[in-house]
Amino acid sequence: MAVAKSKAGKHAAPLLGKYELGRLLGRGTFAKVYHARSLVGGEAVAIKVLDKPELAATAGMDARVLGEVSAMRRLRHPNVLRLHEVLATRSKVYLVMELAPGGDLLSRLASLPKRRLPEHAARRVFLQLVSALIYCHARGVSHRDVKPQNVLIDADGNLKVCDFGLAALPESHRDDGRLHTACGTPAFAAPEVLRRKAYDGVKADAWSCGVILYVLLAGRLPFDDSNIAEMCRKAHRREYTLPEWVSQPARRLVSRLLDPNPATRLTVAELSSHPWFKRSLSLDSQLGSLLGGAPERDLLFQAPPTLNAFDIISMSPGLDLSGLFGENRRSREKRFMTTATPEQMVEQLGHSGAKLGYFMVGKKGVERLPLGGLSGLVAMSMEMSEVAPPLMLVELRLEAGDDEEVQAFGWDELRTELGEVVMAWHGCEEL
């Protein structure tokens, strides 16, 4: 996305009475991104402006925008760019997003003398990228276009993964559990994607992470050829070399990620147990990062996030664009307030579900608590966020199941069985 220095008119009318548009930050094929300020709280935000007629005239673009919104509205993580609100007029769609004033990772690397990072700084950057993708994959979201241009940097030097326009959601998979749409940027795309074979989106993201780690350490792409077929051949044969200054643990990690065989390729979730991550980060914390961020912290496992005003706005019907494109996903979600702890909520949900013929699967966790539905036909996730101690917001979301199964899901029966732990039960259209 090109960076521009032009400014919007100083006396332009506020956008729908809510935001004051500022300078143009960037321009893409179908969108412009502006710096803006909320007229209510004064917060600085970025607003992505899309033209409805252009979206309608371009095959697949309406679905892409809907997919981007659907993916971002279910993701709340420190290293994922936050979508605050969606606004629309007859001719425009406005995505109000978190502002990341540090630019993208590619531009930041290009500004460095050697176009790369010392290994301690590369580890910190890569840790944040991994943290974001572990979270996305746990929520059933595969990014499918992971590259430095889609990694932004906030004012504190922390990473923000963005641009989920090509993301695959749980409902994107066919019956075989695979994805079949070739997409992404060739230099960062996995060989199986370039060869237009059925693929696993999680494994494809892992390959892209391997390319990014290589770029961070070496300052160049591992496979760079204008001929995509030749580039794919090099990737399949692992024809790359790492500079001598890269440590052996880092070399082994790159090799495990740039494995042309997706069956043996390391997944992003497995990275946290790799020796390169296991080593102490205390020295790295003292050295700091060239990106200007805070010292490392454990980002792989997050406590329940605290909601602010923008978070609450993001749960409103304004973020549901399905009506613009003839779809409706509201029957998949319910929310309620509770004073129960996450552990108590898991126990109660499991107990209530058992009475209705549902069963718990997986390990206990704070961010994602899967449920198996009747005969395994429906899968539900639960997320809890702190509003104000001890008040918590619980979000239940049907992540899988066809429309008929979703419509038949017994929300009312589940609400009754949950009993007194539930306060202010809402469908997503009501909150």
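Every heavy atom of this structure was used, including side-chain atoms; hydrogens, water molecules and symmetry mates were not.
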**Report entry** With F223 via ring pair (Phe, Tyr, Trp, His ring centres under 6.0 Å) - residues at least two apart
**Finding:** W207, Y240
Requested in this report: Write down the atom of Y34, the atom of G22, and the distance for their closest heavy-atom approach.
Outcome: CD2-O, 3.6 Å
Report summary line: dist R265:CZ -> E270:CD (nearest 0.5 Å) comes out at 12.0 Å
Report task. Report the distance from atom CG of L50 to atom NZ of K52, rounding to the nearest 0.5 Å. Result -> 11.0 Å
Requested in this report: With rounding to the nearest 0.5 Å, note down the distance linking NE2 in H84 to CE in M72.
Outcome: 9.0 Å
Report summary line: Looking only at heavy atoms, the pair that brings A187 and V211 closest together is O-CG1, 3.7 Å
**Report entry** Lys/Arg N to Asp/Glu carboxylate O, E85 vs K18, below 4.0 Å
**Finding:** yes
Report task. Would you indicate whether H236, at its atom NE2, is surrounded by more than 12 heavy atoms from other residues, nucleotides or ligands within a distance under 6.0 Å? Result -> no
Requested in this report: Just grab all the salt bridge (charged side-chain N to carboxylate O under 4.0 Å, His left out) pairs involving residues 212-225, residues at least two apart or on different chains.
Outcome: D225-K234
Query raised in the report: Rounded to the nearest 0.5 Å, how far apart are CG of L216 and CZ of R116?
Result: 11.5 Å
Query raised in the report: Side chains of S352 and Q348: do they bring a donor and an acceptor to under 3.5 Å?
Result: yes
**Report entry** Shortest non-hydrogen contact between P260 and P262, atoms and distance
**Finding:** O-CD, 3.2 Å
Report task. Output, in order, the C-alpha distance, side-chain angles, deciding distance and verdict of side-chain contact (heavy atoms from CB on, under 4.5 Å) for K160 and M97. Result -> CA-CA 11 Å; K160 301 285 182 178; M97 302 179 293; over 6 Å; no
Requested in this report: Could you tell me whether a side-chain N or O of R139 sits under 3.5 Å from a main-chain N or O of R74, the two making a donor and an acceptor?
Outcome: yes
**Report entry** Donor on one side chain, acceptor on other, T264 and D259, under 3.5 Å
**Finding:** yes
Requested in this report: Would you mind checking if K197 and E192 are paired as a salt bridge, meaning a charged N to carboxylate O distance below 4.0 Å?
Outcome: no
Report summary line: For M384 and P342, the nearest pair of non-hydrogen atoms, with its separation, is SD-CA, 3.4 Å
Query raised in the report: Do D205 and R144 meet the salt-bridge criterion of a basic N to acidic O distance under 4.0 Å?
Result: no
Report summary line: CG (L81) and CG (D154) are apart, to the nearest 0.5 Å, by 9.5 Å
Query raised in the report: CG/L152 to CG/L105 distance, rounded to the nearest 0.5 angstrom?
Result: 9.5 Å
Query raised in the report: Distance only, no hydrogens: is a donor on one side chain within 3.5 Å (strictly under) of an acceptor on the other, for D145 and T185?
Result: yes
Report task. Could you walk me through whether Y94 and T89 pass the side-chain contact (heavy atoms from CB on, under 4.5 Å) test, one step at a time? Result -> CA-CA 9 Å; Y94 304 93; T89 63; 4.0 Å; yes
